[in-house]
Amino acid sequence: MLDLNRTICALATPPGEGGIAVVRLSGPAAYPVAERVFRPANPAKKVAEAKGYTALFGHYLLDGQRMDEVVALFYRAPHSYTGEDVVELSCHGGRAMADGLVQACLKAGAAPAGPGEFTRRALENGRMSLTQAEAVMEIIGAAGRQGAALAAAQLGGALAGRIGAIQADLTELASHLAAWVDFPEEDVPELEPARLDAALAGAEARLQQLIDGYGAGAVLRHGVDTAIIGRPNVGKSTLLNLLAGFERAIVTPVAGTTRDLVEQAVMLGQTPLNLWDTAGLRETDDVVEAEGIRRSNQKFEEAGLILAVFDGSAPATEEDRALAARCKGRRAIAVLNKEDLTAAPGVFDQTLLEGCFDRVVTLSATEPAARDTLAQAVDSLMGTAGLDPNAGALCSQRQLAAAVAARDALAGARQARADGFDLDAVGVCLDDALEALCRLTGEDAGEAVIDQVFSRFCVGK
Ligand code: GDP
């Protein structure tokens, strides 16, 4: 339970070795706790008198003993992350000193912070909206720079801005409708049908845009699990090494060299990939290889993107056909490799790829330029190429579900119009849409929704 009278503390930097570790204190007694723990090097300086946005150098005490050097940063309510009095104490990184500093703060009267409690206080004190709080966690977890930029835009309120504009339009419509329906004697002008239809369609389209961007945004932030798959010796490991930029996997002309999964995170074009090079799929009596193939199959099922590699310089085999058929309905790119060896076009019967893949690219994995060729195909397929990180995007399943509910309610309103229902019915659908949007932005969000959002936070944030 959130108790704003408590003063909380936690390590705000990751545990383990590092240059510095930061322990954050927040709450009404942040200054008194800091005063018990921290001794300024200049005895004339007093913690209690420290102004906001200033720093003091000194050391901290644990059980009366002088410990590590510390820089203390002071923030005065409401001008801090949480909106409360905050003191951030930085000591040297490493478990011993950082843990000692947390202990000293606890002994001096602070309580350990719960997961996400600093951010939750910021929400509670009106320092940020729920979508901005979610963005904080996305920034922490972002895999690539574009993904972090996307989350940062949201922290700045870009998503809230986009939703707010839709909300404002719908609220205006809803109030006009309500006035017209509820006060027939008041001479409220009737909404022009064309204007009503256009406004409904426009809001629905804007929500659809947000929904469409969700997948690409999630890919930007967390990367997409990608399986490189194909029969032995087509060049899977060569492709992985090309994408990784170094010799990640062993490449030999001997079929069956890659027996286990090899994992590698790479940035390809705009898209972060979590790549899995897999054992070549083939029948085998070798138990180790068979286990590798079992794992490859599992990765294939779980992957969000499949790079199916074929040897374009040789006729297709039965295994190639089977692989192509398995890729049907999946997000998959066919990579026709060994372009440099392809003596005559048509050696590999490309008709077997038709209808099974979203994209087909022809390249030589041994040529550095092949990286760009594949990057273009991946970016366009994943939708990461056209996504503007500054525009703001939905960033959680919770937000997605609310946006979908709002869109569906608007579609319902348009259907009600098409079916000739009266404006009462349209008004009901509009109210549903507005309620869903309020859930999205966190206005009127119940305790349960907020708990759900914060359950994924880490301590110290
Ligand atoms: P994997 O079993 O599918 O992982 O295949 P490898 O990456 O181990 O490659 C098998 C053989 O094909 C190796 O001798 C590679 O050097 C060769 N190879 C891979 N890609 C190309 C290519 O684009 N052109 C040529 N000429 N050889 C390639």
Side-chain angles (χ1 to χ4, degrees), residues 225-266 268-269 273-300 303 305-327 330 332-350 352-353 356-357 359-378:
D225 282 345
T226 305
I228 303 181
I229 206 143
R231 65 181 167 80
N233 251 358
V234 292
K236 297 182 298 298
S237 302
T238 309
L239 186 68
L240 174 72
N241 289 341
L242 172 80
L243 298 181
F246 63 95
E247 298 279 304
R248 180 67 179 81
I250 306 164
V251 176
T252 73
V254 182
T257 312
T258 307
R259 289 160 163 242
D260 199 356
L261 301 175
V262 181
E263 188 190 3
Q264 180 65 44
V266 305
L268 184 64
L273 303 180
N274 311 316
L275 275 179
W276 295 86
D277 181 21
T278 62
L281 299 178
R282 63 169 185 175
E283 293 296 320
T284 178
D285 294 330
D286 181 320
V287 272
V288 180
E289 193 183 349
E291 175 57 19
I293 291 173
R294 191 189 66 74
R295 292 185 194 180
S296 301
N297 280 319
Q298 192 185 342
K299 267 293 149 207
F300 180 90
L305 172 65
I306 294 158
L307 301 178
V309 186
F310 301 93
D311 183 343
S313 69
T317 67
E318 261 323 295
E319 287 155 315
D320 290 335
R321 279 175 210 287
L323 174 58
R326 276 183 80 186
C327 289
R330 300 290 303 272
I333 297 176
V335 178
L336 269 185
N337 190 30
K338 308 197 188 181
E339 187 183 23
D340 57 311
L341 293 183
T342 313
V347 181
F348 182 94
D349 177 13
Q350 287 202 36
L352 78 94
L353 307 176
C356 300
F357 291 95
R359 301 273 189 291
V360 177
V361 293
T362 306
L363 52 78
S364 297
T366 46
E367 299 286 334
R371 211 172 182 277
D372 292 339
T373 310
L374 195 56
Q376 279 173 16
V378 168

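Each ligand, and each atom within it, is numbered from 1 in the order the structure gives. Both backbone and side-chain heavy atoms feed into the values below; hydrogens, waters and symmetry mates do not.
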**OP:** With the side chain counted from C-beta on, respond yes when Ile333 and Ile306 share a heavy-atom pair under 4.5 Å apart, and no when they do not.
**Re:** no

**OP:** Pick one of side chain, backbone, both or neither for how Leu341 approaches ligand 1, counting any non-hydrogen atom pair under 4.0 Å.
**Re:** side chain

Original post:
Among all residues two or more places apart in sequence or in another chain, which pass the side chain to side chain contact (heavy atoms under 4.5 Å, CB included) test with Leu341?
Top reply: Ser313, Lys338

Original post:
Atom CG of Leu352 and atom CZ of Phe357: how far apart are they, to the nearest 0.5 Å?
Top reply: 8.0 Å

Subject >> side chain to side chain donor-acceptor pair (under 3.5 Å) contacts touching residues 359-375 (sequence neighbours left out) >> reply: Asp340-Ser364, Arg359-Ser380

Original post:
Going by distance only, is there an N or O of Val234 that falls short of 3.5 Å from an N or O of ligand 1?
Top reply: yes

Original post:
Can you name the closest pair of heavy atoms from Leu242 and Ala370 and give their distance?
Top reply: CD2-CB, 3.8 Å

**OP:** Flag Gly235 as yes when one of its N or O atoms lies below 3.5 Å from any N or O atom of ligand 1, and as no otherwise.
**Re:** yes

**OP:** Just let me know how Asn337 lines up against ligand 1, side chain, backbone, both or neither, with a heavy-atom cut-off below 4.0 Å.
**Re:** side chain

Original post:
So, for Leu243 and Val266, which heavy atoms are closest and what is the spacing to 0.1 Å?
Top reply: O-CG1, 3.6 Å

Subject >> Check: Ala365 N/O within less than 3.5 Å of ligand 1 N/O >> reply: yes

**OP:** Mark up the atoms of ligand 1 that fall under 4.0 Å of a heavy atom belonging to Lys236, in ascending order.
**Re:** 1 (P), 2 (O), 3 (O), 4 (O), 5 (O), 7 (O)

Original post:
Backbone, side chain, both or neither: what part of Asp340 comes under 4.0 angstrom of ligand 1, heavy atoms only?
Top reply: side chain

Original post:
Within the structure, does Lys338 bring an N/O atom to less than 3.5 angstrom of an N/O atom in ligand 1?
Top reply: yes

